[in-house]
Amino acid sequence: ALLHNHMSYELADLLGLLSPESYLTDIAINNNYNGIKLFTEQIDESFLRKNGRMPNDIYKGDNIAQKRRTGIAGSLFSYASVWDKASYNNHYEKSNFMPLEKMNEGLWSDKYEIYNLDDFAKMAAFIDMTSTDHIDNDHNWILYYDAYYERMSPIIWDPVGWWPGNSSKKQVNIITSELLESLYKNGDFLRKKYAIL
């Protein structure tokens with residue numbers, strides 16, 4: 001089961017998407033062998049530097065399990081306040097969520113200026129190729145905001161590609177979130193996605 005994420009990260013890297021390094025490793029705790037585990041690089045400012053990106057905002061969206069905000073709708077694309085930051089541009093306050101708020105507003109009005117359409121098209125192709133539905137309205141979203149270009153890009157996280165129950169779908173245009181539902185209305189996004197496929 002560990003290979004589902006590891007191979008997904010390898011494919012994301014081949015597509016030119018931001019994704020963590022991962023590898024299988026043996027683990028022993030207090031000299032007791034604990035089996036093979038998947039090492040997964042954590043997403044933070046050092047991840048950006050390693051990938052040749054300027055330190056800027058990284059938004060993590062996970063409104064599920066112990067992170068769930070009680071009394072707030074599950075969708076990450078309803079409220080910027082549901083997200084956390086793993087890195088931030090020090091020219092602005094850490095509490096600044098304006099780029100994410102702008103992205104969410106554009107989502108509902110079909111405005112895509114803030115989206116790096118190339119990267120989101122790669123992500124949509126990645127979702128189809130891996131038959132994943134694990135990046136949804138509630139969790140597993142990580143977004144990088146480049147303040148210089150004023151563009152938002154996805155970072156692949158916990159996709160669980162090729163899971164046996166999902167791989168039987170054998171379909172394209174897998175829409176797992178309101179964000180993707182909105183992007184699929186955009187002709188430029190669709191042309192870019194099918195060029196990648």
Side-chain angles (χ1 to χ4, degrees), residues 5-6 8-23 25 38-69 72 75-107 111-127 132 134-159 176-180 182-183 188-189 192 196:
N5 267 340
H6 177 62
S8 296
Y9 293 138
E10 291 291 316
L11 175 61
D13 187 54
L14 285 172
L15 288 171
L17 285 161
L18 286 170
S19 64
E21 178 187 350
S22 68
Y23 55 84
T25 185
L38 181 66
F39 166 87
T40 306
E41 178 183 20
Q42 296 305 292
I43 308 298
D44 55 19
E45 186 175 314
S46 62
F47 168 84
L48 293 177
R49 291 182 187 279
K50 183 182 146 213
N51 284 279
R53 304 295 174 104
M54 289 298 294
N56 272 304
D57 293 343
I58 296 177
Y59 298 101
K60 286 189 171 186
D62 194 356
N63 194 21
I64 202 164
Q66 67 266 43
K67 288 274 191 179
R68 189 170 197 87
R69 272 40 172 208
I72 296 178
S75 175
L76 296 168
F77 307 103
S78 297
Y79 311 98
S81 61
V82 179
W83 296 68
D84 294 314
K85 276 191 179 178
S87 173
Y88 70 99
N89 183 330
N90 63 8
H91 292 98
Y92 303 93
E93 293 293 325
K94 187 175 182 180
S95 60
N96 175 34
F97 278 76
M98 288 300 293
L100 190 63
E101 289 169 4
K102 182 178 179 183
M103 186 197 80
N104 281 350
E105 288 169 14
L107 176 77
K111 294 180 181 173
Y112 306 102
E113 297 83 19
I114 198 168
Y115 293 90
N116 182 328
L117 285 183
D118 290 327
D119 288 346
F120 279 98
K122 289 175 189 176
M123 181 186 196
F126 168 84
I127 286 171
T132 186
H134 208 235
I135 304 168
D136 56 30
N137 280 328
D138 298 323
H139 73 318
N140 291 333
W141 277 96
I142 301 182
L143 299 170
Y144 167 65
Y145 179 69
D146 188 322
Y148 181 77
Y149 291 104
E150 297 182 349
R151 294 287 181 272
M152 196 75 78
S153 295
I155 300 174
I156 300 302
W157 182 258
D158 193 23
T176 61
S177 67
E178 292 163 333
L179 186 149
L180 287 173
S182 178
L183 284 173
D188 291 334
F189 165 81
K192 289 173 185 290
I196 291 160

query = Would Lys111 and Glu105 count as a salt bridge (Lys or Arg N to Asp or Glu O under 4.0 Å) if you check the C-alpha gap in whole Å, the side-chain angles of each, and the deciding distance to 0.1 Å?
reply = CA-CA 8 Å; Lys111 294 180 181 173; Glu105 288 169 14; over 6 Å; no
key: Test side chain to side chain contact (heavy atoms under 4.5 Å, CB included) applied to Met123 and Ile135, step by step   = CA-CA 10 Å; Met123 181 186 196; Ile135 304 168; 3.7 Å; yes
request  = Under the side-chain hydrogen bond (donor to acceptor under 3.5 Å, both in side chains) rule, what do Ser182 and Tyr112 come out as? Steps first, then yes or no, please.
outcome  = CA-CA 9 Å; Ser182 178; Tyr112 306 102; 3.1 Å; yes
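One distance of note links OG1 of Thr176 with CH2 of Trp141; it measures 6.0 Å at 0.5 Å rounding. Atom CD1 of Ile196 is separated from atom CZ of Phe126 by 13.0 Å, given to the nearest 0.5 angstrom. Annotation: the span from Ile156 atom CD1 to Leu18 atom CG amounts to 9.0 Å, rounded to 0.5 Å.
Using modelled atom types and a 3.5 Å distance limit, the side chains of Ser75 and Glu178 yield a donor-acceptor pair. A side-chain N or O of Tyr59 and one of Asp57 form a donor-acceptor pair less than 3.5 Å apart. In this structure, a donor-acceptor pair under 3.5 Å is present between the side chains of Asp158 and Asn5.
Using a cut-off of 4.0 Å between Lys/Arg side-chain N and Asp/Glu carboxylate O, Arg151 and Glu113 are scored as not salt-bridged. A salt bridge is defined here as a Lys NZ or Arg NE, NH1 or NH2 lying under 4.0 Å from an Asp or Glu carboxylate O, and Asp84 with Lys60 fails to meet this definition.
For the side-chain contact (heavy atoms from CB on, under 4.5 Å) with Lys85, the qualifying choice from Ile58, Asn96, Asp44 is Asn96, the only one to do so.
Residues Lys122 and Lys192 fail the side-chain proximity criterion, which asks for heavy atoms closer than 4.5 Å. With contacts defined as side-chain heavy-atom distances shorter than 4.5 Å, the pair Ser87/Asn56 does not qualify. The shortest side-chain heavy-atom distance between Asn116 and Tyr149 does not fall under the 4.5 Å cut-off. The shortest distance between side-chain heavy atoms of Asp119 and Met152 does not fall below 4.5 Å.
Applying the salt bridge (charged side-chain N to carboxylate O under 4.0 Å, His left out) criterion to Asp13, with sequence neighbours excluded, gives no partner residue. For Glu10, there are no salt bridge (charged side-chain N to carboxylate O under 4.0 Å, His left out) partners two or more places apart in sequence or in a different chain.
Judged by distance alone, the side chain of Gln42 and the main-chain N or O of Thr40 form a donor-acceptor pair under 3.5 Å.
Other residues, nucleotides and ligands contribute more than 12 heavy atoms inside 6.0 Å of the CZ atom of Phe39.
Among pairs with a residue in residues 92-102, none fulfils salt bridge (Lys or Arg N to Asp or Glu O under 4.0 Å), at least two apart in sequence or across chains.
Between Trp157 and Tyr9, the two ring planes are tilted [angle within 30° to 60°].
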